[in-house]
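Working notes, beginning with the structure itself.
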Amino acid sequence: MTDYEPPRDIWEVNATLRFDEPLNGDQDPRWVDTHAARGGAILKKLTRVLGVDIAAGRLRKPPRRGYYLFCGHRGSGKSTELRHIGNQLNKPNIYHVLLADAALELDVHNLRYQDILLHLAGKLAESLKGEDVHIEPVHLRKLDEWFTEHVEKSETTRNFATEAKAGVDANLTIPVLAKMFARISTALSTNATHKEELRRTLRNYFSDFADAFNHLIEVAQKKLGKPILFVVDGTDRLGEDDARAFFTTDIYQLQQVCGLFIYCAPIRLAYQSNAPGSDFDEVFHLPMVRVEGEDGSPNHGGRDAMRQMLLRRAHENLFEPGVVDYLVQHCGGHPRDLLRLLQGAFSHAEGQRFDMDGARKAVGDLGSDFHRILRLDDYRHLARVDIGEESGNADRSQWLLYNLALLEYNDFYWRSHPAIRETSAYLSAKKSLLGGGSGRPAHRPSKR
Amino acid sequence: MIEAGSGWPLLSEHSGAYLRLQRLLSRKEGFSLCILTFSDSAYRDRAATYFAEHLRASTWVKIDPEEVIGTERLFDRLNEGAPSAPAQLSGLEHWKEGLDNLLARLNHRREALAARCQRPLLFWVLTQDAEAVATRAADLWAWRSGLFAFSLPTGTAAPRLAPSDNPFVSDADEKRRQARVCELQDHLGEDTPRHAYDVSLLIELGDLQRYLGDWNAAERAYQRAECTSSNLDDRRQSALVRSRIAGLFVRQGRQDDALHILAKEALPVFEQLGDVRSAAVTRGQIADILHARGELDEALRIRTEEALPVFEQLGDVRSAAVAKGKIADVLEARGELDEALRIRTEDELLVFEQLGDVRSAAVTRGQIADILHARGELDEALRIRTEEQLPVFEQLGDVRSAAVAKGKIADILHARGELDEALRIRTEDELPVYERLGDVRSAAVAKGKIADVLHARGELDEALRIRTEEQLPVFEQLGDVRSAAVAKGKIADVLHARGELDEALRIRTEEQLPVFEQLGDVREVAITKGQIADILHARGQFDEVLRIRTEDELPVYERLGDVRSAAVAKGQIADILEARGELDEALRIRTEEQLPVFEQLGDVRSAAVAKGKIADVLHARGELDEALRIRTEEQLPVYERLGDVRSAAVAKGQIADVLEARGELDEALRIRTEEALPVFEQLGDVREVAITKGRIADILEARGELDEALHLYEQQVLPAVEALGNPSEIDIVRGRIEGLRRQQRR
């Protein structure tokens, strides 16, 4: 990682700038540790809940079971941070971490708890196969029996079962199980007919499945010599109805499987009055990086982190003086928006470096993007939040938070996106609220 | 407005979005989502077609309203075609199950989309649907690399003040132009306007202010237009305005700045847009600067290889004709008058006539007259000006062009020695028009021409006053350093003529030469050095003069391919050799190196002058018969045929010189008194009158008529020479008087 050099050519920066790939935590040289910059609480809190003594590098007293939600703004770095957490905990003396990305591996357009659990079972089998862990057939029998009894013998799923078992060794082993469940996962993500039939089967005989899966988890943990932690990314992408079903209605089924699970959750669930937080053991919020304090003053720790993030995408020499700070200041501590501003600054740049004019235009573009979705009174609302006259709990605030016009920071205050604060609509709204004064906020209400 | 045939098929205001998109797609790896908004499907299709060709986005998936396909099939189609080249997706609004359904699918399947479509995706969305994408496919929206608007302008209120048609063709006088300037300034205010139509008004304001000589204000107006265009993301318009600023810089002598703008700022924009027409025009402007700097070969290369073929390919016969005219300009500057004339008559004039463009045809006829003028065919040049060009401008009501044409007629009359009529035209027909139009620069140029006439008439003081008080300050105020340097050179000419050689030399070396050197104008530098050599020649510093001519002047013309100027310089080298007594070498140069060039160029006038110089040498060598034959048979008839009465009178004086040398004093006296002197008197040429009277006095002296000779010198020649103010000439005349008095005493 120390050999890594960010691109020194502005065109290479553009070529490699992508929004669709999360970084694999500290395994990626472009990753920057933002925990302190975000407020420092989340990793510490999460590891403590999981019984991990990070300083000592060992597991103290892990919970036997636990169901956690991991929330954050879109583009705040959830996927990257989940992978980082996974990397941190996936150590010989700590956890065996299994990461599943529902957005990549399943169909989040139509996802139920059955899909996830069947997929996780397959993931576990695949992982054990990869680790070359031998599990005696007797411990696999329950899952195999569930499959045989309820999938193979059912008239509606018989054909699928035949396909799933085609070419599979008759001897029951982990590789056999892995292959079988891999086919189930494929069916769940691509075959609408089989998906519904498998879901129905699982729903009707869920207890049997949960029992069999629990047994496999228990045996696997013993063989591995450490607990298994399931980390599920992508479930934050569920539609409103699917999310409600997954995180609220079907929570009982999810919790029938005994283990440690971290699910990525849509941020809007966290803001709803009947939020599912109470049904889960803990909800972890990943806040934006604080680039400024509550009073608007620069937060140097946050800015340094964002600055590092930028300078790992483009060499420092590629920026004209002041541009890095300008971009950092105007991204609001939102990692993806920082990259978006970098992309915009590239598009507007006239030459071979990121110039201030291009940076300003990039910020202007982002403000225009918001203009497409904001109503005129939204600017007033945002200004009211900024000067402490409006709460982030208001309904419209929730919508603004969801659409990133309003950003949440770790010590529970909100600020409108800096790109919005540059727009004339916002400035005139704020001016009218302050009666023409300059208006630093006198105070901000706490979120809770 | 879309400019047909420019190669750029979209609205100018979409140029910024296109260039950003083009830049973003350059070397882009893997999936990236570019959201393109549109409001008109036909315009979108035009843009998409252009992108298919110019951005390699030939994979273009159009959602068919009649076809039901799933996202899997959609992704497959997006993956077809050249790998990694951008793909376009349009017709989202036609998705059978509704836009919301498609957006929801794409939102949930964005990872699959990215995994399957490993290339930039140009995602066409109706402008009004962009909000739906942002809010209902928020996860997909979050992955956007950029949003590029290609919507047609709608609902814009009509401008309160409409741009005027070209205000320069009309006969609008200065008052009306000033009124329009005030109107535009009131409308535009001081702030940077925000509307596209205000850019047109700012350009109009800048053009008017430039015309009226307020170049600083013009630059400010252009800068504001550029700023507004830039704010509107209209990079093409911005580049066009920058080109106008470059034009101003050229006038101000900031050639390097102008070249930088044209070559580094404007041209790349047009090239990236595929706007081949604007690119060719810009290359032409670059060639103009190179031409003005004397880099004729490169100017010619650009015009023939980079500009003309574009217009020909576009089928733009008019622009092609204009480009050919510019090529003729370069050839003309190189002295290749025959080829320049051929282009003007066959390639340029013919096209304008076929197009029915009577104004351009008239302008071209004027340029043909210029060539004839340069070749010494003054009568034909005058006929074209008076019969074919001027009536057209008068009929069109184009008072400015008519004034310019009259100025050109005055040039011819001046060349023919008809100084009084030339002066009348300048003062009565030309200058008042420029003053009325508020065209201060043209007025200053015209005043300079008046000073030229006065100079030629020997009225050096008044010529000097006009140059220093009325012309030079205008150029300095305009910041037109080039014209100011030329004016200073003219002042040096006057001082030279007055015998103030030191001051003339100082101006040339300290004030004129450095400006041309700074402008990078190698041709003007060579010319100025030649003028410095002229002064040194007058001082008798022949070695230094010869060095300048051979090392500083001649090689430049040869490098520039300017055969005519090179031939002139060779003639000047021959002058030195002649002055040093190296008559044979001087004669060889004149006959073998100079005269054939003029004859080949068809420059009959210069050929006649060269023959006169040959006759000078023969005269000096004592070959009086041959000298006389050349004067009477080869030189004089040419001037007479050309209608150049002044040169004819000078030639007659030289014939008289030969006769005088042969002892035929009576005939010599007759020629001087009856044929030469009346012409110079009629032309108001005080200097030549004085010289001729001096020569008459010399003949009288030779005939022994000392009293008459002395009387003539004392009463007529000396006062005239004293009035002309050249100390060395005054000394010579006084010396002659003293000599005559001594003879009388004996």
Side-chain angles (χ1 to χ4, degrees), chain A residues 9-22 73-75 101-111 189-190 192 234 236-239 242 266 268 334 336-337 339-340 343-344 346-351 357-358 361-362 364-366 368-374 399 402-404, chain B residues 16-17 19-35 37 70-72 101 104-115 117-118 125 127-136 138-149 194 230-231 233 235 264-265 268-269:
Chain A
D9 173 9
I10 195 169
W11 299 93
E12 194 185 340
V13 174
N14 173 59
T16 54
L17 199 56
R18 298 186 64 161
F19 296 91
D20 58 317
E21 291 178 344
H73 275 299
R74 189 182 305 110
D101 190 337
L104 271 178
E105 297 156 11
L106 294 166
D107 177 13
V108 286
H109 184 47
N110 179 357
L111 189 82
S189 63
T190 58
D236 56 326
R237 304 275 309 290
L238 297 181
D242 283 357
R268 62 175 173 272
H334 185 283
R336 187 180 286 148
D337 275 352
L339 299 187
R340 194 183 321 287
Q343 176 78 82
F346 166 80
S347 298
H348 282 291
E350 295 282 342
D357 187 48
K361 285 178 175 167
D365 284 351
L366 190 52
S368 298
D369 287 356
F370 280 115
H371 191 68
R372 290 177 183 276
I373 60 169
L374 297 180
W399 188 89
Y402 175 71
N403 285 295
L404 301 169
Chain B
L19 289 177
R20 280 190 293 118
L21 179 63
Q22 184 189 55
R23 187 172 163 93
L24 188 144
L25 295 178
S26 173
R27 290 167 50 185
K28 196 75 172 171
E29 294 169 5
F31 175 78
S32 60
L33 179 68
C34 303
I35 295 176
T37 59
T71 47
E72 286 299 312
N101 174 279
R105 285 170 181 241
L106 293 175
N107 194 50
H108 288 118
R109 303 218 62 210
R110 71 171 184 179
E111 282 79 5
L113 171 64
C117 181
Q118 280 293 307
V125 181
T127 305
Q128 66 263 30
D129 290 339
E131 183 194 349
V133 179
T135 54
R136 287 174 232 167
D139 298 298
L140 184 69
W141 172 259
W143 274 7
R144 72 195 182 283
S145 289
L147 192 141
F148 306 88
R194 287 161 42 190
S230 177
N231 289 343
D233 207 14
R235 296 272 304 278
K264 303 290 180 190
E265 297 177 11
V269 170

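Numbers restart at 1 for each chain; the letters A, B, ... are given by sequence-line order, proteins then strands.
Between the side chain of R27(B) and the main chain of N14(A), no donor-acceptor pair closer than 3.5 Å is present. No donor-acceptor distance shorter than 3.5 angstrom exists from the side chain of R336(A) to the backbone of W143(B), with no hydrogens or angles considered.
With a 4.5 Å cut-off on non-hydrogen atoms, T37(B) touches chain A through its side chain but not through its backbone. L24(B) touches chain A through backbone and side chain together, each having a heavy atom under 4.5 Å away. Proximity to chain B (any heavy atom under 4.5 Å) is shown, for D242(A), by neither the backbone nor the side chain. Within the 4.5 angstrom heavy-atom criterion, atoms from both the backbone and the side chain of A349(A) approach chain B. For chain A, the nearby parts of R110(B) are the backbone and the side chain; heavy atoms of each come within less than 4.5 Å.
By number of non-hydrogen pairs under 4.5 angstrom with chain A, the leading residue of D233(B), I35(B), L147(B) is L147(B). When R105(B), R23(B), R20(B) are compared by the number of non-hydrogen pairs under 4.5 Å with chain A, R23(B) comes out ahead. The residue among D20(A), T16(A), L104(A) with the most heavy atom pairs within less than 4.5 Å of chain B is D20(A). Here G30(B) is the residue among G30(B), G16(B), S32(B), G146(B) with the most heavy-atom pairs under 4.5 Å with chain A.
By the side chain to side chain contact (heavy atoms under 4.5 Å, CB included) test, D129(B) is found to be paired with E93(B), L99(B), V125(B), L126(B), residues two or more places apart in sequence or in another chain being considered. Evaluation of the side chain to side chain contact (heavy atoms under 4.5 Å, CB included) rule for I373(A) yields F370(A), W399(A), N403(A), E131(B), A134(B), T135(B) as partners, not counting sequence neighbours.
The CD atom of Q128(B) sits 11.0 Å away from atom CZ of R372(A), with the distance rounded to the nearest 0.5 Å. With values rounded to the nearest 0.5 angstrom, D107(A) atom CG is found 6.0 Å from R109(B) atom CZ. The CZ atom of R144(B) sits 4.0 Å away from the CG atom of D369(A) when rounded to the nearest 0.5 Å. To the nearest 0.5 angstrom, S145(B) atom OG is 11.0 Å from F346(A) atom CZ.
Using a cut-off of 4.0 Å between Lys/Arg side-chain N and Asp/Glu carboxylate O, E350(A) and R235(B) are scored as salt-bridged.
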